[in-house]
Amino acid sequence: MILDEEPLLRSRGLYIDGHWVRAGAGGTREITDPADDTVIAVVDEADHDDVRSAVAAARSAFAAGRWSATPATERADYLVRIADLLEQNRDAIARIETLDTGKTLRESHIDIDDVIAVFRYYATLAEASTERRVDTGNPAVLSRVVAEPIGVCALIAPWNYPLLQMSWKIAPALLAGCTMVAKPSEVTPLSTVALVALIDRAGVPAGVVNLVQGGGEVVGSALTTTPEVDLISFTGGAATGTKIARNAAEHITKVALELGGKNPHIVFADAEFDTAVDAVLTGVFLHSGQVCSAGTRLIVHESVADDFVAELARRAARIRVGPGIDPSSRTGPLVSRQQRAKVEAYVALGISEGATLVAGGKRPADPALAHGSYYLPTIFDNCHRDMRIVQEETFGPILTVERFATEDAAIALGNDTAYGLAAGIRTADPVRGERVARALRHGTVWLNDFGYYTPAAEWGGFGRSGIGRELGPGGLAEYQEHKHIWHNTAPTVEGWFAD
Ligand code: TXE
């Protein structure tokens with residue numbers, strides 16, 4: 001197996017209460033490289049009892065109070081140490097991520113740099129005041145609202161950005177003073193195992209970060225049905241998010257959910273043609289479209305649509321699909337055969353719904369790619385809002401094209417989705433751009449750019465894209481409770497119930 005010798009993956013078990021342990025019932029799972037379907041590692045698979053031990057470890061570490069009582073600036077030092085260790089192991093982790101997910105090495109390097117940036121960003125928030133004074137109108141009363149850690153957190157991540165998504169949860173949870181049980185996707189656990197190895201090396205106290213591995217039905221559900229967890233932070237599919245919210249309701253457990261999107265990319269007639277084509281292509285086909293904020297719905301002005309779509313189709317056919325580990329590949333395979341089957345079903349659906357296939361729509365012909373989960377960048381023209389391929393998240397390299405005549409129609413189309421994660425606008429008119437940006441009901445709007453984010457700005461969705469925010473100060477607040485302390489420094493008899 002390719003990753004047998006990787007030092008960061010020396011242990012592929014569970015990490016509970018500061019120790020690497022084997023899954024109690026001896027369960028294991030093979031992890032495969034989607035580029036050729038070979039087994040690259042075998043990891044442990046937890047069961048209910050393992051999850052119970054991990055949650056108990058996090059609960060007793062929280063109850064002991066040492067981590068939450070550690071000054072935030074000291075907790076920030078741990079974040080910096082983790083970031084330094086990630087930096088030292090950047091290439092090894094990028095390779096692990098590429099072999100596990102299929103994404104290109106270049107993308108994995110960008111991901112790891114973003115992971116490092118998120119740990120460093122949250123370290124800077126330690127200096128921010130966690131106390132807000134409130135004027136009660138009574139000078140004798142010292143009233144303030146303080147932020148405290150919410151407690152034990154269940155952190156559940158998906159397979160498209162395994163380490164990135166997990167870091168968006170672990171970094172603020174650590175800074176807030178929480179303890180946690182992390183569960184990476186069973187499809188792509190390896191980079192999270194590596195991160196936990198570095199967290200251990202950084203000296204984060206036992207019980208603060210725990211790792212369980214395994215599938216959603218057993219491990220995920222055990223983590224999200226227990227009353228011992230105070231917050232569930234989940235990134236994944238809408239169906240699973242619904243299940244988790246339902247489970248959480250049983251114990252009134254707080255949830256933070258990021259459930260994907262069906263994101264419009266609106267191109268006005270005055271947009272600079274070449275940069276708009278370039279941005280639409282990257283926006284939808286990066287990581288073979290397995291991006292929650294992928295710009296999967298092109299909404300283009302009717303006066304430029306024919307030329308625009310023709311150029312997109314020409315360029316899409318030239319995208320070099322291949323193994324992520326090969327530097328000449330521009331995009332890799334889908335994460336699994338199962339995900340490709342889902343994409344293929346959507347392409348068949350698009351054809352049956354009457355959309356016009358203008359690019360892709362099949363697996364690559366190259367026999368060298370026959371064993372991987374590859375699919376060609378695909379474009380459907382002549383789509384309309386009632387089609388399921390326009391409304392549902394396909395999570396693959398599929399772009400749909402709709403046309404519009406007026407700004408109002410473009411906005412109406414852009415908002416005509418149950419989701420609301422992200423949207424893009426391309427126009428040479430900044431006034432119109434700002435107007436449309438305000439009218440779109442999406443958590444992130446890019447004006448003449450697409451796909452960028454910064455750890456300092458909140459990320460999350462309107463509508464069915466989820467609940468809550470990650471990143472930024474708002475992403476830290478998810479891991480905090482806010483307590484109002486009313487301190488009367490000169491109490492007197494009020495005499496409400498006077499003798
Ligand atoms: O995700 P799941 P799947 C979308 C995308 C994709 C679809 C399905 O459209 O095609 O979701 O993907 C854990 N209780 N996104 O099925 O199931 C699971 O083990 C608790 C969008 O692979 O949502 C994994 O760790 N946890 C998305 C995590 O949930 C459960 C990224 C995500 O898996 C569970 C990925 C349960 N009952 C897919 N069932 C985004 N927002 O970016 C599963 N899990």
Side-chain angles (χ1 to χ4, degrees), residues 111 114 117-118 121-122 125 155-158 160-161 164-169 171-173 231-242 244-245 254-267 279-280 282-284 286-287 289-299 390-395 410-427 433-480:
D111 285 4
D114 286 356
V118 101
Y121 166 72
Y122 275 112
L125 289 200
L155 311 178
I156 302 179
N160 56 338
Y161 286 87
L164 186 77
Q165 303 283 5
M166 193 55 98
S167 73
W168 289 14
K169 302 179 192 306
L231 164 74
I232 302 164
S233 176
F234 168 80
T235 303
T240 306
T242 305
I244 287 176
K254 182 178 174 187
V255 289
L257 305 172
E258 203 269 66
L259 307 180
K262 189 71 186 177
N263 314 291
H265 203 159
I266 300 174
V267 177
V280 169
T282 315
V284 64
L286 195 78
H287 194 15
Q290 302 166 112
V291 182
C292 51
S293 55
T296 48
R297 287 179 70 195
L298 170 63
I299 296 172
V390 173
Q391 294 297 342
E392 296 176 17
E393 188 182 56
T394 58
F395 231 60
I411 292 168
L413 283 173
N415 284 335
D416 186 23
T417 168
Y419 290 101
L421 187 63
I425 306 163
R426 303 214 67 102
T427 175
E434 286 291 332
R435 194 168 55 227
V436 176
R438 294 307 296 256
L440 289 173
R441 294 192 45 83
H442 293 263
T444 295
V445 178
W446 292 288
L447 180 49
N448 292 331
D449 231 331
F450 202 91
Y452 291 96
Y453 75 94
T454 152
E458 278 76 2
W459 176 267
F462 288 34
R464 291 183 69 90
S465 286
I467 298 174
R469 291 292 181 270
E470 299 198 278
L471 302 181
L476 177 62
E478 297 289 347
Y479 295 91
Q480 294 172 323

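Keep in mind the model is a prediction, meaning the values are calculated, not measured.
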Measuring from [X]:[atom1] to [Y]:[atom2], what's the distance to the nearest 0.5 Å?
X: Arg426; Y: Trp446; atom1: CZ; atom2: CH2; answer: 12.0 Å
X: His265; Y: Phe450; atom1: NE2; atom2: CZ; answer: 5.5 Å
X: Leu421; Y: Phe462; atom1: CG; atom2: CZ; answer: 10.5 Å
X: Asn263; Y: Leu298; atom1: CG; atom2: CG; answer: 13.0 Å
X: Trp459; Y: Ser293; atom1: CH2; atom2: OG; answer: 3.5 Å
X: Thr282; Y: His287; atom1: OG1; atom2: NE2; answer: 15.0 Å

Evaluate the criterion side-chain contact (heavy atoms from CB on, under 4.5 Å) for residue pair Val255 and Phe234; output intermediate values, then yes/no. CA-CA 8 Å; Val255 289; Phe234 168 80; over 6 Å; no
Pro455 and Tyr121: which non-hydrogen atoms are nearest, and at how many Å? O-CE2, 3.3 Å
Which atom names give the shortest non-hydrogen contact between Thr296 and Val284, and what distance separates them? CA-CG2, 3.9 Å
Does the side chain of [Y] come within less than 4.5 Å of [X]'s, by heavy atoms?
X: Ile156; Y: Thr240; result: no
X: Leu447; Y: Glu434; result: yes
X: Tyr161; Y: Trp168; result: no
X: Glu470; Y: Ser233; result: yes

Full working for side-chain contact (heavy atoms from CB on, under 4.5 Å) between Asn415 and His442: CA-CA 8 Å; Asn415 284 335; His442 293 263; 3.9 Å; yes
Pair Glu478 + Arg469: basic N to acidic O under 4.0 Å: no
Sequence neighbours excluded, which residues qualify as salt bridge (Lys or Arg N to Asp or Glu O under 4.0 Å) partners of Arg435? Glu407
Among all residues two or more places apart in sequence or in another chain, which pass the side chain to side chain contact (heavy atoms under 4.5 Å, CB included) test with Ala412? none
Sorted by chain and number, sequence neighbours left out, side chain to side chain contact (heavy atoms under 4.5 Å, CB included) with Gln480 holds for Ala147, Ala176, Leu476, Ala477, His482
Give the intermediate values and the outcome of side chain to side chain donor-acceptor pair (under 3.5 Å) for residues Lys262 and Thr417. CA-CA 7 Å; Lys262 189 71 186 177; Thr417 168; over 6 Å; no
Residue pair Leu259, Arg464: steps toward the side-chain contact (heavy atoms from CB on, under 4.5 Å) verdict: CA-CA 7 Å; Leu259 307 180; Arg464 291 183 69 90; over 6 Å; no
